[in-house]
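First up is the structure itself, then whatever we jot down about it.
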Amino acid sequence: MSVIESLRDRGFVDNTTHEEELAAYLSTPGRRCYIGFDPTGSSLHVGHLVTVMALCHMQRAGHCPIALVGGGTGMIGDPSGKTEMRQMLTPEIIDENKAGLRSQLSRFLDFSDEKAFLLDNADWLTGLEYIPFLREVGRHFSVNRMVKAESYRARLDSDEGLSFIEFNYMLLQAYDFYELSRSHNCYLQMGGSDQWGNIVAGVDLVRRKGGETAFGVTFPLIMTASGIKMGKTHKGAVWLDPERTSPYDYYQFWVNTDDADVERFLALFTFLPMAEVKAVAGLSGAELNAAKAVLAFEATALCHGHEAALEAYKSAAAMFGVKKIAESLLPSSTIPRGGDASALDSVPCLEVETELFQGEGVPVFKLFALAGLAASGGAARKLIRQGGAYINGERLDKEDRLVVEADFEGGEILLRAGKKRYHRIALKG
RNA sequence: GGUGGGGUUCCCGAGUGGUCAAAGGGAUCAGACUGUAAAUCUGACGGCUCAGCCUUCGGAGGUUCAAAUCCUCCCCCCACCA
């Protein structure tokens, strides 16, 4: 099975340009393909994962992925899929974000020995000169057609309008593709479905300027069954950066996957064989729940490593109970199947001075606020009032109950807010 | 530049002098039910040192015992016209 077929099978493909030629292009190993990443944030989040996984699949299939950081285009801002104008980024912030991107991508891709590249389009975009650019690139673009592109139309119809700087985005992204085709022999660009217009513009430009065929593939926008953009939660994005979203929280994010999404997500976000993934379709109840654990385990292992995944798994087992995961369920997964030892190590922990708990002690609601389980002291009080706060497994009934040294078991206290959020408090020293 | 319409608590959106921390919906949080899911029901939902106090309705002043609501100036947004 070719990569492209395999990607299609796993649900990655939304649209492609000239399908047959593309399949032929990819039948030779070592082909280059690229995806652009906006350096608008210092960390990637789950919403980027589809594109990252696609690059992984390419690399595993023997091709050479290029992650293109939009250091240049980031100074413009892509209007696609945005209802309002982007904030322009300063070069310093872009630099910082680039560094973060690189470290995260290298968890997924092997950048050694030119097996993959990380490039920055600032390298060729910032030096462009206006008049030559217009003469060489601009003349290939029909404003009539650009205006019809989905990415612009939404903005043209909106109250916000479209600024001229953003209108140029398409030309620059198209130019990227042209540049990569020449400098890196790269003839395939992939991206989210909102990038279709930009990608096609690049394909056209490569043809017009070089007379060569280039290809484009877009991925569907992944929505959860409840209709939210993948990776967005109430709290904002689920980050790939362990500093921002701990491996434990990352694991929990996946465990909390909607029933209806499990099979689809296993296909997209793990490398488990499709034959096994498809078997999940018929499951329900506890079995389906076990499949979520596998999904969480595999996804966490990919992003944070096997060790971290194991820890998150154990912590979950400690708090929610050990689940038996049948040998026959997704057998390729390396998730522990029996009920082995559990650990709390990956539950976030806050160290506090011992003195605080000597004498009077500290009112519990303050601890909840301190640990970040409640946004403020007031919110913590509310939580307790509603019966959603626990200390060492016991439900609290008094907001200002004082916590003293004697409450610590083995130097630690386990706080719990609601059903799923835990935090440890440990004595310092 | 002209004319008209707007800016309300996370979002949408009521509210035209006191009864307004401000209707209703969404989102969120908690509880019940479950499978750490969904759906449903219940409660919470500006802040706090929480039976009380403090701060909000674009900004700054003013009128009034009392203003989100009235007046003045300013800022910003939108539509149409230029």
Side-chain angles (χ1 to χ4, degrees), chain A residues 83-85 155-163 223-230 232-238 246 248-266 280-297 299-300 312-326 329 335 342 344 346-347 360-391 393-402 414-423:
Chain A
T83 49
E84 47 192 63
M85 184 160 159
R155 284 293 293 282
L156 287 169
D157 292 342
S158 81
D159 294 345
E160 194 83 14
L162 178 72
S163 73
M223 305 286 275
T224 66
S226 47
I228 313 171
K229 246 192 209 173
M230 179 69 190
K232 294 277 180 209
T233 67
H234 40 285
K235 297 233 167 73
V238 176
S246 72
Y248 175 74
D249 287 336
Y250 191 78
Y251 180 94
Q252 285 302 319
F253 165 76
W254 292 102
V255 173
N256 286 317
T257 296
D258 195 295
D259 279 12
D261 292 326
V262 178
E263 184 190 352
R264 198 160 51 107
F265 287 1
L266 279 165
V280 166
L283 301 183
S284 65
E287 283 182 309
L288 185 57
N289 217 26
K292 289 183 189 180
V294 175
L295 169 64
F297 182 82
T300 308
Y313 167 79
K314 285 179 182 172
S315 297
M319 286 179 288
F320 297 105
V322 178
K323 276 187 207 76
K324 185 90 181 95
I325 296 167
L329 177 70
I335 191 169
S342 55
L344 286 172
S346 68
V347 177
E360 274 249 301
V362 181
V364 250
F365 77 90
K366 289 208 167 173
L367 282 185
F368 275 85
L370 211 62
L373 289 174
S376 65
R381 283 169 183 278
K382 243 165 242 155
L383 184 72
I384 296 167
R385 256 180 247 152
Q386 302 195 106
Y390 298 76
I391 178 165
E394 264 175 66
R395 182 181 271 186
L396 287 162
D397 48 0
K398 269 180 45 218
E399 321 169 7
D400 41 15
R401 178 199 145 174
L402 294 168
L414 184 65
L415 300 179
R416 173 182 147 201
K419 276 185 215 159
K420 307 175 201 170
R421 290 151 52 230
Y422 289 81
H423 208 102

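By convention in this document, chain letters (A, B, ...) are assigned in the order of the sequence lines, proteins followed by strands, and residues within each chain are numbered from 1. Computed from heavy atoms alone, side chains included, the values below leave out hydrogens, waters and symmetry copies.
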Within this structure, what is the CZ-to-C1' distance between Arg381(A) and G52(B), rounded to whole angstrom?
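In whole Å, G52(B) C1' lies 12 Å from Arg381(A) CZ.
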Within this structure, what is the CG-to-P distance between Leu383(A) and C45(B), rounded to whole angstrom?
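From Leu383(A) CG to C45(B) P: 14 Å.
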With rounding to the closest Å, how many angstrom separate the [atom1] atoms on [N] and [M]?
| N | M | atom1 | result |
| --- | --- | --- | --- |
| A68(B) | C20(B) | P | 12 Å |
| A38(B) | C29(B) | P | 10 Å |
| A44(B) | G58(B) | C1' | 30 Å |
| A67(B) | C76(B) | P | 28 Å |
| C10(B) | U16(B) | C1' | 26 Å |
| C48(B) | A37(B) | P | 28 Å |
| C12(B) | U64(B) | P | 36 Å |

Any N/O donor-acceptor pair, Gln386(A) side-chain to G43(B) base, under 3.5 Å:
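Answer yes: a donor N or O sits under 3.5 Å from an acceptor.
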With both distances kept under 3.5 Å, what pairs with [N], Watson-Crick or G-U wobble?
| N | value |
| --- | --- |
| G43(B) | C29(B) |
| U19(B) | none |
| A79(B) | U3(B) |
| C48(B) | G52(B) |
| C73(B) | G59(B) |

Hey, is the side chain of [X] poking within less than 4.0 Å of OP1 or OP2 on [N], counting only N and O atoms?
| X | N | answer |
| --- | --- | --- |
| Lys398(A) | C50(B) | no |
| Arg421(A) | A30(B) | yes |
| Lys419(A) | G35(B) | no |
| Ser376(A) | C48(B) | yes |

Leu329(A) vs Leu283(A), test: side-chain contact (heavy atoms from CB on, under 4.5 Å). Steps then yes/no.
CA-CA 10 Å; Leu329(A) 177 70; Leu283(A) 301 183; 3.4 Å; yes
Mind checking [X] for me? I need base, sugar-phosphate or nothing, with any heavy atom below 4.0 Å counting as a touch.
| X | answer |
| --- | --- |
| Gly387(A) | sugar-phosphate |
| Gln252(A) | base |
| Thr257(A) | sugar-phosphate |
| Asp258(A) | sugar-phosphate |

Candidate nucleotides U36(B), U49(B), G35(B), ranked by approach to the side chain of Val255(A) - the nearest
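From the listed options, U36(B) comes nearest.
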Tell me which nucleotide among U36(B), G31(B), U49(B) gets nearest to the side chain of Lys420(A).
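So the nucleotide nearest the side chain must be U36(B).
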Against Val364(A), only a single residue in Leu402(A), Ile391(A), Asp400(A) fulfils side chain to side chain contact (heavy atoms under 4.5 Å, CB included); can you say which?
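So, applying the side chain to side chain contact (heavy atoms under 4.5 Å, CB included) to Val364(A) and each of Leu402(A), Ile391(A), Asp400(A), only Ile391(A) qualifies.
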What class does the angle between the rings of Tyr250(A) and Phe253(A) fall in, given that below 30° is parallel, 30 to 60° is tilted and above 60° is perpendicular?
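Tilted, since the angle between the ring planes falls between 30° and 60°.
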Please examine the side chains of Met319(A) and Tyr248(A), heavy atoms only from C-beta on, and report whether any two atoms are closer than 4.5 Å.
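In contact.
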